[in-house]
Every structure is written in C-alpha cells, then in structure tokens.
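Written out below as structure tokens is the structure these notes cover.
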Protein chains: 2
Amino acid sequence: MSDLLERLRGRGWRMTAQRRVVAEVLDGDHVHLTADEVHARAVTRLPEISRATVYNTLGEMVTLGEVIEVATDGRAKRYDPNAHRPHQHLVCGRCGAIRDVHPAGDPMADLPDTERFGFTISNVEVTYRGICPSCAATA
Amino acid sequence: MSDLLERLRGRGWRMTAQRRVVAEVLDGDHVHLTADEVHARAVTRLPEISRATVYNTLGEMVTLGEVIEVATDGRAKRYDPNAHRPHQHLVCGRCGAIRDVHPAGDPMADLPDTERFGFTISNVEVTYRGICPSCAATA
DNA sequence: ATCCTACAATAGACAATGTCTAAGTCAAGT
DNA sequence: ACTTGACTTAGACATTGTCTATTGTAGGAT
C-alpha cells in the first residue's frame, strides 16, 4: 500500500503516529498538496497534529529525497511524493490544476557549456503553463 | 538609456515620479530583484514611495508584459525586465544567484500531444539548479 | 495659467505562508 | 520498565503580499 511509508521506515526513521499520517496523506501518484492541505487532511485522522509537525515532516521528507517540493505559482509550495520517476509539471493558470508530464529529450543536455557559467548543475525543473480543458470550456 | 521607461511611456501610461523610479531601478539586463529589493532601491531616490505602490507598479508592468515574474525559490517573487528576449534561468541553490541562460531547442516542442491532456499551453519555464563557481570554491 | 477629475499614491491594517522556541511527550533500545 | 534523545505542541514571530480609505496629482479642458 504505502510505498512512501515503507521507504521511510527503511531509512531508520523513528515512526510516530504523526509521521505515519503525513506519509499516508501524501501517498499516491498525481498528488500535489500544499502544506496546509496536508495538515487539513491529517487533522481528520489525527485531530491533535500541529502545523509545525506537518511542516517539519514535509521538510524531512524533502531532505531525504522522498518527496519533491514544487513552487508552481509563487504562492504555497506543493509537495509531490512521485520523487523516484523523473517528471515535469503542467499547470493550469486559471484553476491551478497540476498534471505530471514526461517531455521527450533531456532538458539538461539542451544547455550548452558556454551557457553554464561554471555552475555545477544538479537538476532541471520544467513548468508548462496553460489552460486546462474544463477551464477553457467555461471561459 | 531606459528602454523599459520608453516602452511604458509609449503605452499611454500616466507617468509619475514613483513609476519612473521603479522603472529605472528595474532597467538593465540580468536584473532579478524581489519587490522589497526594488522598494529599498527606490526609497534611496524617492524616500516617500510606499510598498503598496511598488507592488502595484510591478504588477502593472507584469500585466503589460514588460516585466516577467520569476518564482525561483518559493520565497519572494523576482522581477525580470528582460521580457522581450526569451530566456530561462540558472539558479545557485546556495547563494541564490540567478543568471539568464539560453538553452538550445524549444522545450515546448518536447511535450508530445499525448502528454498535454487537452491543455492549451501558452508558455514554458525552465529552471536549472546547481551551485555557482564562487559557492563551490567556498564549500 | 488655472481648474477638474479620474487615476495614482499613501499608511497601515489584514491575510497567507512559513519559521522558531520553550516545554511537554513518547518511541525504542537496554 | 526505565531512560534518553528525538519528536510534538501551541503559539509567538517573521516574511511576503493584498486591500481599503484617504489624500495627492498628472494631464486634459477651459
């Protein structure tokens, strides 16, 4: 069931009810929740869980590389548990819907050495922006 | 001198001292300031300019397409006046330095129809992340 | 040159998101 | 079952951004 939870357990994490709940809320594909959304869902299962714990736990999962932090809109960051299959994001500028997408080719390879300015590049983030079909219909 | 100011004037903008100062602060290439940084610099030239005016003016320039809003770090948005030459960004994860870069190829073309889910895609943002030479030296 | 008026600027309250601290609680090894 | 260090909590605080009511002013009309 919970791949995420299994991986975290395997890393020697001290397992607490709070961490379990956060991991369960994030489990699955195509999940892109904000920290507050994660908190809201966690509270339904564990009413006394605090905001700080949700932030801490999400931060730890990001550090461990089990969850990816996505800043698609300059508002709240979103947390994406699909960390082990490289992918990019497609965002609706009207309703904020997010889809995982898989562009062809390697964007990393598209940046010539002359354009790297001596940086050691570790990853590339691609965000496609547009309007989703249901928003386009109700334009 | 100020291309940005010229373009804004040409659009029938009502020219005020505040707008002039904000445009002057943003003028130039490779400028990626946050709203507060813009305000800080504007204040040195026009001490009574308010935060709200800076935010309003930046927002209008973005709406007019003369300035691009860049969210590289999930913290404060940055404002990039280099709006008329398509480019992407290279960001240092340690010190936050930003460089404009020009990847080869068209990232838009790399997204197959089957991965567009009916979206009408209007633009693509690519962010390369890594460590800049001077941060690498002081690791 | 002066007057009008709509648009712009201001101060400061408010909102959203995220971080930190001090004190209490608990998972897990012994 | 202890003990201990890691975890959690509530709430203050910090940062970034938005809104409102009021005052000011650019630029056209007279």
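The sequence lines fix the lettering, A, B, ..., with proteins before strands; numbering per chain opens at 1.
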Open item on the list: Give me the atom names and distance for the closest heavy-atom approach of A/H32 to A/R78.
Closed with: O-NH1, 2.7 Å
Task: Contacts of B/D73 that satisfy side chain to side chain donor-acceptor pair (under 3.5 Å) - sequence neighbours left out - done: none
- [ ] Name every residue in residues 32-50 of chain A that has at least one heavy atom under 4.0 Å from any atom of DNA chain D, in order of residue number, or write none if there are no such residues.
- [x] A/E48, A/I49, A/S50
Task: For B/R45, salt bridge (Lys or Arg N to Asp or Glu O under 4.0 Å) partners two or more places apart - done: B/E24
- [ ] Can you establish whether the number of heavy atoms outside B/R41 located under 6.0 Å from its atom CZ is more than 12?
- [x] no
- [ ] Determine, step by step, whether B/L64 and B/V62 satisfy the side chain to side chain contact (heavy atoms under 4.5 Å, CB included) criterion, reporting the C-alpha distance in whole Å, the side-chain angles of both residues, the deciding distance to 0.1 Å, and the verdict.
- [x] CA-CA 5 Å; B/L64 291 174; B/V62 170; over 6 Å; no
- [ ] Send over the distance from A/R51 CZ to C/dT19 C1', rounded to a whole Å.
- [x] 9 Å
Task: Partner set under side chain to side chain donor-acceptor pair (under 3.5 Å) for B/T53, not counting sequence neighbours - done: B/S50
Task: side chain to side chain donor-acceptor pair (under 3.5 Å) against B/N82, all qualifying residues, sequence neighbours excluded - done: B/R85, B/D100
Open item on the list: When you measure from the side-chain N and O atoms of B/Q18 to the phosphate of C/dT10, is any distance below 4.0 Å, counting only OP1 and OP2?
Closed with: yes
Open item on the list: Using a 4.0 Å heavy-atom cut-off, does B/R19 contact any base of the nucleic acid, only the sugar-phosphate backbone, or nothing at all?
Closed with: sugar-phosphate
Open item on the list: How close do A/M61 and A/W13 get, counting heavy atoms only, and between which atoms?
Closed with: CG-CH2, 3.8 Å
Open item on the list: Could you work out, with salt bridge (Lys or Arg N to Asp or Glu O under 4.0 Å) as the rule, every residue matching A/R11, not counting sequence neighbours?
Closed with: A/E66
Task: Residues from residues 53-79 of chain B lying under 4.0 Å of DNA chain C - heavy atoms - done: B/T53
Open item on the list: According to side chain to side chain donor-acceptor pair (under 3.5 Å), who are the partners of B/R20, at least two apart in sequence or on a separate chain?
Closed with: none
TODO: Please identify each residue that fulfils ring-ring contact (aromatic ring centres under 6.0 Å, His included) with A/H87, with sequence neighbours left out.
DONE: A/H89
Open item on the list: For nucleotides 24-30 of chain D, give me one character per nucleotide, 5' to 3': B if any protein heavy atom sits under 4.0 Å from the base, S if the only such contacts are to the sugar-phosphate, - if neither.
Closed with: BBBS---
TODO: For the pair A/F117 and B/L90, evaluate side chain to side chain contact (heavy atoms under 4.5 Å, CB included) and give the outcome as yes or no after the intermediate values.
DONE: CA-CA 9 Å; A/F117 302 102; B/L90 170 55; 4.1 Å; yes
Task: By salt bridge (Lys or Arg N to Asp or Glu O under 4.0 Å) - contacts of A/R19 (at least two apart) - done: A/E60
Open item on the list: Quick check on the helix from C/dA1-D/dT30 to C/dT30-D/dA1: what's the angle between its two end axes, five base pairs per end, to the nearest 10°?
Closed with: 20°
